[in-house]
Amino acid sequence: MSLKQMKKIELHLHLEGAAPPAFIRGLAAEKKIDIHRAFDERGHYAYRDFVHFLQVYEAATSVLQTPEDYARLLQAVLQESAEHGVIYTELFVSPDFCGGSDVAAWRDYLAALQSTAAEAEAKLGITARGIVTCIRHFGPDKARASALCAAETAGDFITGFGIAGDEGIGKPGDYLWSFDCAREAGLRLTAHAGEWGGPQSVRDAVRDLGVERIGHGVRAIEDLALVDELGERAITLEVCPGSNVALGLYPAWRKHPIETLRERGLKVTVSTDDPPFFHTTMTREYEELERAFGWDEAIFAEIHRNALDAAFCDTATRDRIAKDMELT
Ligand code: MCF
Ligand code: ZN
């Protein structure tokens with residue numbers, strides 16, 4: 001079986017970050033919005049470093065202005081994921097971008113997303129869930145508004161709450177109210193940490209916010225006591241190696257710590273993060289892991305088991321995906 005055909009689970013995918021550049025350019029043209037500076041001469045997203053990446057991401061997002069725009073985007077994203085064998089995916093969605101964190105507006109965006117996801121499930125065989133995500137550099141007040149949107153709409157589709165954005169700003173504990181609010185609404189919790197923030201940011205996210213998954217988390221490798229703590233707490237890492245290499249966190253795939261983290265017993269999973277920004281796909285991630293570390297079918301099965309165990313879905317969905325993937 002080719003790596004492309006192999007059935008996969010993705011736990012870490014930002015909805016706007018998965019938008020093909022041509023899709024964003026098309027909407028910009030329709031709406032007469034000038035965002036040409038977000039692209040290079042070949043039409044790819046163009047950014048210099050992490051902080052500039054965040055700015056380009058937000059510029060691209062500025063053309064997505066209605067629930068219909070988001071429905072079209074989600075359709076395109078799920079189609080692309082399904083082509084790479086993904087049968088279960090979790091998407092980061094942000095009420096900041098979808099209606100300015102107004103609960104009534106957010107419900108409209110969510111209805112469009114949910115019906116698109118249901119259609120894709122029927123037509124393409126891919127199951128999707130949404131993780132409401134607050135954006136760290138927008139600050140704790142905006143995060144509270146996002147958490148309230150999340151709490152109001154927690155259910156079959158919105159199953160998680162998280163935080164992404166610039167780890168250089170503030171501390172995980174500044175967002176405690178939002179995470180408590182989401183937890184009380186029954187949402188599962190994840191936080192981006194240990195990417196640009198170093199090992200202490202992972203420790204803070206786990207201890208202060210009580211998350212069960214960490215987005216990235218790879219810098220934990222710089223502190224082996226922390227690696228042990230993550231193992232004891234059974235924290236799952238949503239690792240996005242292609243993203244880390246593209247953003248310059250590691251100079252090459254072989255230098256990426258995913259294999260060392262796995263060998264030390266941590267539950268690692270594999271995702272693309274923002275695939276067109278990083279010129280990646282789930283197939284490319286798997287091919288590079290095979291090339292860099294000799295990963296074979298048995299190791300990919302272990303990764304799938306980790307992902308399914310940590311998925312923010314109900315037991316019936318988990319059992320169905322396990323059966324489909326022949327995971328015991
Ligand atoms: O994981 C990558 C890099 N690290 C941190 N944050 C993000 C990544 N991709 C997108 N983000 C953030 C960004 O601030 O998530 C937000 C973006 O605005 C969208 S969440 C639907
Ligand atoms: Zn991310």
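Side chains included, hydrogens not; waters and symmetry mates left out as well; all remaining heavy atoms used. First listed ligand is number 1; within each ligand, the first listed atom is number 1.
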**Prompt:** Is the NZ or CZ atom of Arg213 both under 6.0 Å from the centre of the six-membered ring of Phe312 and within 45° of that ring's axis?
**Reply:** yes
Sub-4.0 Å heavy-atom contact, Phe277 with ligand 1: no
Discussion item. Would you call the rings of Tyr286 and His304 parallel, tilted or perpendicular, taking 30° and 60° as the class edges?
Written reply: parallel
Here the atoms of ligand 1 under 4.0 Å from any heavy atom belonging to Ala164 are 6 (N), 12 (C), 15 (O)
- request: Could you walk me through whether Arg284 and Glu288 pass the salt bridge (Lys or Arg N to Asp or Glu O under 4.0 Å) test, one step at a time?
  value: CA-CA 6 Å; Arg284 167 143 197 256; Glu288 295 286 359; 3.0 Å; yes
Atoms listed for the Zn ion (ligand 2) (protein only, N, O or S, under 2.8 Å, no waters) are His12 NE2, His14 NE2, His192 NE2, Asp273 OD1
of all protein heavy atoms, closest to atom 13 (C) of ligand 1 is Leu54 CD2, 3.6 Å
heavy-atom search around atom 21 (C) of ligand 1 in the protein gives Phe92 O, 3.3 Å
By side-chain contact (heavy atoms from CB on, under 4.5 Å), Pro67 pairs with (sequence neighbours left out) Asp108, Tyr109, Ala112
State whether the shortest distance between N or O atoms of Glu195 and N or O atoms of ligand 1 falls below 3.5 angstrom.
-> yes
* Asked: Does the side chain of Leu148 reach to within under 4.5 Å of the side chain of Cys181, using non-hydrogen atoms?
  -> yes
The protein heavy atom nearest to atom 20 (S) of ligand 1 is His14 ND1, 3.5 Å
The atoms of ligand 1 lying under 4.0 Å from a heavy atom of His192, numbered in the order shown, are 1 (O), 4 (N), 5 (C), 6 (N)
Among Val93, Asp273, Leu15, Val132, closest by heavy atom to atom 1 (O) of ligand 1 is Asp273
| Is Gly165 close to ligand 1, meaning an N/O of one under 3.5 Å from an N/O of the other? | yes
Item checked: Stepwise salt bridge (Lys or Arg N to Asp or Glu O under 4.0 Å) test for Lys7 and Glu326 -> CA-CA 10 Å; Lys7 290 180 182 172; Glu326 296 172 27; over 6 Å; no
For this session: Using the six-membered ring wherever Trp is involved, compare the ring planes of Phe53 and Phe50 and label them parallel, tilted or perpendicular (cut-offs 30° and 60°).
Result: parallel
Query raised in the report: Yes or no on side-chain hydrogen bond (donor to acceptor under 3.5 Å, both in side chains) for Arg72 and Gln75, after CA distance, side-chain angles and deciding distance?
Result: CA-CA 5 Å; Arg72 278 165 68 187; Gln75 204 284 328; over 6 Å; no
A student checking ligand 1 against Asp274 at a 4.0 Å heavy-atom cut-off should list atoms 2 (C), 8 (C), 9 (N), 10 (C)
Quick note on ligand 1: atoms under 4.0 Å from a heavy atom of Ser94 include exactly 21 (C)
Just wondering, do Ile235 and Lys267 contact through their side chains at under 4.5 Å, heavy atoms? no
Note: His137, heavy atoms under 4.0 Å from ligand 1, region reported as side chain
**Asked** Do any nitrogen or oxygen atoms of Glu16 lie less than 3.5 angstrom from nitrogen or oxygen atoms of ligand 1?
**Response** no
Short N-O contact, Lys171 and Asp208, less than 4.0 angstrom = no
- Item | Backbone or side-chain N or O of Ser243 under 3.5 Å from ligand 1 N or O | no
Next on the checklist: Tell me whether Tyr57 has any N or O atom under 3.5 angstrom from an N or O of ligand 1.
Outcome noted: no
Min heavy-atom dist Phe50 to ligand 1 below 4.0 Å
yes
Between Glu167 (side chain only) and Glu195 (backbone N and O only), is there a donor and an acceptor less than 3.5 Å apart?
yes
With heavy atoms and a 4.0 Å threshold, my read on which part of His216 contacts ligand 1 is side chain
Counting from 1 in the order shown, the ligand 1 atoms closer than 4.0 Å to a non-hydrogen atom of His12 are 1 (O)
Heteroatom distance test (Thr133, ligand 1): nitrogen or oxygen, under 3.5 angstrom
no
